[in-house]
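Notes follow once the structure below has been shown.
Indexing begins at 1, ligand by ligand and atom by atom, following the structure's order. Small disclaimer: the values here were computed from a predicted structure and weren't measured.
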Amino acid sequence: MEKNNNVSNAKVTIKKSTYENLEIESLIEPLGGIDSFIKKGERVLLKTNLLNASEPEKSVVTHPNFIKKVAEEILKIDAIPFIGDSPSGPFSKRRLDKVYKKSGMIKISNELGIDLNYNTKTQKISIPNGKRLKKTSICNFVIEADKIISLPKLKTHSLMIMTLATKIMYGVIPGLTKARYHSMFIRKKAFSEMLIDILSIIKPDLIVMDGIISMEGDGPAGGNPVELGLALASDNSYAIDLAVCEILNIEPIGIPTLKDAKIRKLWPKNIKYPLLNPNDVKYDTFKLPSTAGYILTGKKIPDKYPIPNNNCTACGECVKLCPKKVIKIDENIAKIDYSKCIRCYCCHEICSYNAIKLEVRN
Ligand code: SF4
Ligand code: SF4
């Protein structure tokens, strides 16, 4: 599935937008228009960020209005869009249904008459140039799609600092395998190298990023929504992530996936901005996760631990997901054995109740 691999030149389009006035056609037009990426009759996976069962207002998932507008462009050229992701937790029809309902996907599917993926089969794919993985399980709905448009939510990530176009493709890996990889690749460096391995075999044809209402602070699930009012598009995952770093004044080498991509010489040499330039839409007060390290903050940061609080409903989702099996429910609240916790923050990601904060332990 080797696709767009032009590391010399890349284009990123940036537009000020709201969910109501978003114009996907004019965002994509300078990249060649939707029909330069998609042909009539093709099945097009809208690889959405559906991290967990969250309402769109919380900014954990790609906003349904954003997805709807992209799907409408694909329908205009008689291609067949469908929505898919592998959320945190077991990759099962039951879990998908829960996530689709809460995130507003069922509503879009009904309004446009498009499919939501319920195929939970997977297959092994080899990664010829993998640094950390030589093969991996990939969800069949990804492999079977004719084209992939990824729709990342622009937001923070406590382990990887930002969830952008390079990180979103982790959702092509089935849920519990993702938890296992957290346990195998504990350090940021190893984890990000594994992510770039995956992106080397599953590349989106087009990326359209939802930066209208973003998330800052302790994302990807527990941060705060913040209005940036931006939609971005590119056919190059690294170029669009570099553009976001420039807008938010983030040192790109401080983002572990971008650092590994730089080492692998995957950064585009030139990025052209046919619409707005990052300097036109600078946002200087964006809050990074409290786990952001020295390069980004200039300060040594003490390790943060996941600490359950009274919002806990004892639903047990974090217990099932924890790769080290160090969480149990005791007296109706999650309790963690910190002596074995690897601080992968999977529990923080999956919790839909904002019941796990990342804090320094006394
Ligand atoms: S911390 Fe969150 S995911 Fe874990 S049991 Fe409590 S509510 Fe459920
Ligand atoms: S308790 Fe949370 S952070 Fe610690 S290993 Fe388990 S899932 Fe990862």
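In the vicinity of Ile327, heavy-atom distances shorter than 4.0 Å reach the ligand 2 atoms 1 (S). Residue Pro323 approaches ligand 2 through these ligand atoms, each under 4.0 Å from one of its heavy atoms: 7 (S). When each atom of ligand 2 is checked for a heavy atom of Pro306 under 4.0 Å away, the hits are 2 (Fe), 3 (S). Distances below 4.0 Å separate heavy atoms of Val326 from the following atoms of ligand 2: 1 (S), 6 (Fe). If you number the atoms of ligand 1 from 1 as listed, the ones under 4.0 Å from a heavy atom of Ile329 come out as 5 (S).
Shortest contact from atom 4 (Fe) of ligand 2 to any protein heavy atom: Cys341 SG, 2.4 Å. Nearest to atom 6 (Fe) of ligand 2 among the protein's heavy atoms is Cys322 SG, 2.4 Å. Residue, atom and distance of the protein heavy atom nearest to atom 5 (S) of ligand 1 are Gly316 N, 3.3 Å. Counting only heavy atoms of the protein, atom 8 (Fe) of ligand 2 lies nearest to Cys344 SG, 2.4 Å.
Electrostatic pairing of Glu317 and Lys98 counts as a salt bridge here, judged by a charged N lying under 4.0 Å from a carboxylate O. Salt-bridge check for Lys76 with Asp35: failed, with every basic side-chain N at 4.0 Å or more from each acidic carboxylate O. Note on Asp218 versus Lys304: no salt bridge recorded, every NZ/NE/NH1/NH2 to OD/OE distance being 4.0 Å or above.
Between His63 and Tyr19, the angle of the ring planes stays under 30°, which puts this pair in the parallel group of the 30/60° scheme.
Checking side-chain atoms of Asn117 against main-chain N and O of Asn119 turns up a donor-acceptor pair under 3.5 Å.
The heavy atom nearest to atom 3 (S) of ligand 2, considering only Tyr305, Tyr345, Tyr338, is found in Tyr345.
The shortest separation from a heavy atom of Val319 to ligand 1 is not under 4.0 Å, leaving the residue out of contact.
Exactly one residue among Lys101, Lys93, Arg94 makes a side chain to side chain donor-acceptor pair (under 3.5 Å) with Asp97. That residue is Lys101. Residue Met194 is tested with His182, Arg132, Met184 for a side chain to side chain contact (heavy atoms under 4.5 Å, CB included); the sole match is Arg132. Looking at Ile114, Ile80, Val44 one by one, the single match for side chain to side chain contact (heavy atoms under 4.5 Å, CB included) with Leu75 turns out to be Ile114. The only option from Ile168, Leu199, Ile196 that meets the side chain to side chain contact (heavy atoms under 4.5 Å, CB included) definition with Ser237 turns out to be Leu199.
Only protein N, O or S atoms were considered, and those under 2.8 Å from atom 2 (Fe) of ligand 1 are Cys351 SG.
Contacts between Ser183 and ligand 2 below 4.0 angstrom, taking non-hydrogen atoms only, are absent altogether. Looking at Ile342 against ligand 2, both its backbone and its side chain come within 4.0 Å, counting heavy atoms. Contacts with ligand 2 closer than 4.0 Å are made by backbone heavy atoms (N, CA, C, O) of Arg343 only, the side chain lying farther away.
For the residue pair Tyr181 / Thr136, a side-chain donor-acceptor distance below 3.5 Å is found, with atom types taken as modelled.
By the salt bridge (charged side-chain N to carboxylate O under 4.0 Å, His left out) test, Lys69 pairs with no residue at all, sequence neighbours left out.
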**Request:** Please report the C-alpha distance between Lys147 and Asp205 in whole Å, then the side-chain angles of each, then the deciding distance to 0.1 Å, and finally whether the salt bridge (charged side-chain N to carboxylate O under 4.0 Å, His left out) criterion is met.
**Result:** CA-CA 6 Å; Lys147 294 285 166 61; Asp205 297 272; 5.1 Å; no
**Message:** Pair Asp241, Thr166 - check side-chain hydrogen bond (donor to acceptor under 3.5 Å, both in side chains), show working.
**Reply:** CA-CA 7 Å; Asp241 286 6; Thr166 41; 2.6 Å; yes
